[in-house]
Amino acid sequence: KTATSSIPIVFANGSDPVQYGLVASLNRPGGNVTGITFINSQLGPKRVQLLRLLNPKAAIIAVLVNPKNPNAADANTFVTAGRNVGVEIVIVSASTVPEMKGAFDRAVEQHADALLVHVDALFNDEGGESQIVALAAQHRLPTMMASATFPARGGLISYGPEVRDLNRQAGIYVGRILRGENPADLPVVQPTNFTLRVNLKTAKA
């Protein structure tokens, strides 16, 4: 966006595009930028609520964030969401895969009953996600992510939009712009379908 105000830009992003200055509004983006939002920041409180429902006795939930990602600032929304359902939120951080072990150790030291992984490319790629699955099993710590692949790799639970469908919508927008439509006139697409996935084998363990 800083590099050009004329070449169309289509994003597929988990953060709030208005908050981060990518568009003027979701309905009327303005300028040369539009795209898809996964509204991950807004879904944080819902994920806290689901973890609480999973374990009604939970008193403390740890939230894993990458401090190098601007969305780490969402920590305040988690704290508020925890307060609303009667749990304390503690923030633990990791900016590399090796640092994840220390983050889990800190969560356990603070007596966390569950852990919520905030959305970040580091956590969502295969290496990061597999490490989180292994650490959650090692510490027997119920863990939730947004990524649908998390339960498939052995994680306990995930909740979020159908990212594949949203990425396809980004491709549709690219096609429409190439055929002459103006990105300023294309509203930012928000998800309407959300999926809750639970690995029953992990739940039993």
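Because only heavy atoms are used, hydrogens play no part in the values below, and waters and symmetry mates are left out as well, while side chains stay in. All of these numbers come straight from a predicted model, not from anything done at the bench.
Residue pairs satisfying the salt bridge (charged side-chain N to carboxylate O under 4.0 Å, His left out) criterion with at least one member in residues 41-61, sequence neighbours excluded, are absent. Sorted by first and then second residue, the salt bridge (charged side-chain N to carboxylate O under 4.0 Å, His left out) pairs involving residues 59-77 (not counting sequence neighbours) form an empty list. Screening residues 166-188 for salt bridge (charged side-chain N to carboxylate O under 4.0 Å, His left out), with sequence neighbours left out, gives D165-R168, R176-E181.
Taking hydrophobic clusters as Ile, Leu, Val, Met, Phe, Trp and Tyr residues chained together by side-chain heavy-atom distances below 4.5 Å, V65 shares a cluster with M144. Follow the hydrophobic side-chain contacts under 4.5 Å out from V108 and you never reach V133; the two are in separate clusters. Hydrophobic clustering places L200 together with I157 (ILVMFWY residues linked when any side-chain heavy atoms are closer than 4.5 Å, directly or through intermediates). Cluster annotation: V117 and V79 are assigned to distinct hydrophobic clusters (Ile/Leu/Val/Met/Phe/Trp/Tyr, side-chain heavy-atom contacts under 4.5 Å, transitive). Transitive grouping of hydrophobic side chains (ILVMFWY, heavy atoms separated by less than 4.5 Å) brings L50 and F78 into a common cluster.
Using a 4.5 Å heavy-atom threshold, the side chains of Y159 and L116 count as separate. Proximity of L115 to I61: side-chain heavy atoms (C-beta onward) are nowhere separated by under 4.5 Å. V10 places none of its side-chain heavy atoms less than 4.5 Å from the side chain of P183. Annotation: side chain of P151 is in contact with side chain of S158 (closest heavy-atom distance under 4.5 Å). Taking 4.5 Å as the limit, some side-chain heavy atom of N124 sits within range of a side-chain heavy atom of M145. Counting heavy atoms from C-beta outward, I132 and F104 have side chains that approach closer than 4.5 Å. In this structure, T202 and L156 have side chains that are in contact, with non-hydrogen atoms separated by less than 4.5 Å. For the pair V174/I172, no side-chain contact is recorded, criterion being any heavy-atom separation below 4.5 Å from C-beta on.
The environment of CG in L178 is crowded: more than 12 heavy-atom neighbours from other residues, nucleotides or ligands sit within 6.0 Å.
Closest non-hydrogen pair, L122 versus N66, comes out as CD2-ND2, 4.1 Å. Of all heavy-atom pairs spanning A103 and A94, the tightest one is CB-CB, 4.3 Å. Closest of all the heavy-atom pairs between L54 and P142 is CD2-CB, 4.4 Å. Residues A62 and V92 share a closest heavy-atom pair of CB-CG2, 4.5 Å. Closest non-hydrogen pair, I39 versus P191, comes out as CG1-CG, 3.7 Å. Closest approach of A146 and V119 over heavy atoms only: CB-CG2, 3.7 Å.
Note that CG of N199 and CZ of F150 are 9.0 Å apart. Values are rounded to the nearest 0.5 Å. The distance from the CD atom of Q131 to the CE atom of M100 is 6.5 Å, given to the nearest 0.5 Å. With rounding to the nearest 0.5 angstrom, the CD1 atom of I7 is 14.5 Å from the NZ atom of K1. Taking CG of L64 as the start and CZ of R106 as the end, the distance is 9.0 Å to the nearest 0.5 Å.
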Exercise for review: For T4 and I9, run side chain to side chain contact (heavy atoms under 4.5 Å, CB included): C-alpha distance rounded to whole Å, both residues' side-chain angles, the deciding distance at 0.1 Å, then the answer.
Suggested key: CA-CA 9 Å; T4 176; I9 298 171; 4.2 Å; yes
Check your understanding: Between V90 and I60, does a side chain to side chain contact (heavy atoms under 4.5 Å, CB included) hold up when you go through it step by step?
Key -> CA-CA 7 Å; V90 296; I60 300 174; 4.0 Å; yes
Point to revise | Intermediate values then yes/no, side chain to side chain contact (heavy atoms under 4.5 Å, CB included), N13 and I36 | key: CA-CA 6 Å; N13 197 319; I36 318 300; over 6 Å; no
Practice item. Mind running side chain to side chain contact (heavy atoms under 4.5 Å, CB included) on V85 and V48 for me, showing each step along the way? Key: CA-CA 8 Å; V85 295; V48 170; 4.1 Å; yes
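Between the side chains of D120 and N69, at least one donor N or O lies within less than 3.5 Å of an accepting N or O. Side-chain atoms of E99 and S95 form a donor-acceptor pair, as typed in the model, at a separation below 3.5 Å.
The main-chain N or O of A152 is never found under 3.5 Å from a side-chain atom of T149 such that the two would form a donor-acceptor pair. The main-chain N or O of D16 is never found under 3.5 Å from a side-chain atom of T37 such that the two would form a donor-acceptor pair. Looking at T34, its side chain does come within 3.5 Å of a backbone N or O of L186 through a donor-acceptor pair.
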Could you tabulate the donor-acceptor pairs under 3.5 Å formed by side-chain atoms of residues 17-30, not counting sequence neighbours?
residue : atom : partner : partner atom : Å
Y20     : OH   : P70     : O            : 3.1
S25     : OG   : R28     : N            : 3.0
S25     : OG   : R28     : O            : 3.1

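By the ring-ring contact (aromatic ring centres under 6.0 Å, His included) test, F38 pairs with no residue at all, sequence neighbours left out. The side-chain contact (heavy atoms from CB on, under 4.5 Å) search around N84 returns T80, not counting sequence neighbours.
Of the options N193, N167, T195, a side-chain hydrogen bond (donor to acceptor under 3.5 Å, both in side chains) to E162 is made by T195 and by none of the others.
Outside the 6.0 Å centre-distance limit, the rings of H118 and F123 are not counted as a close aromatic pair.
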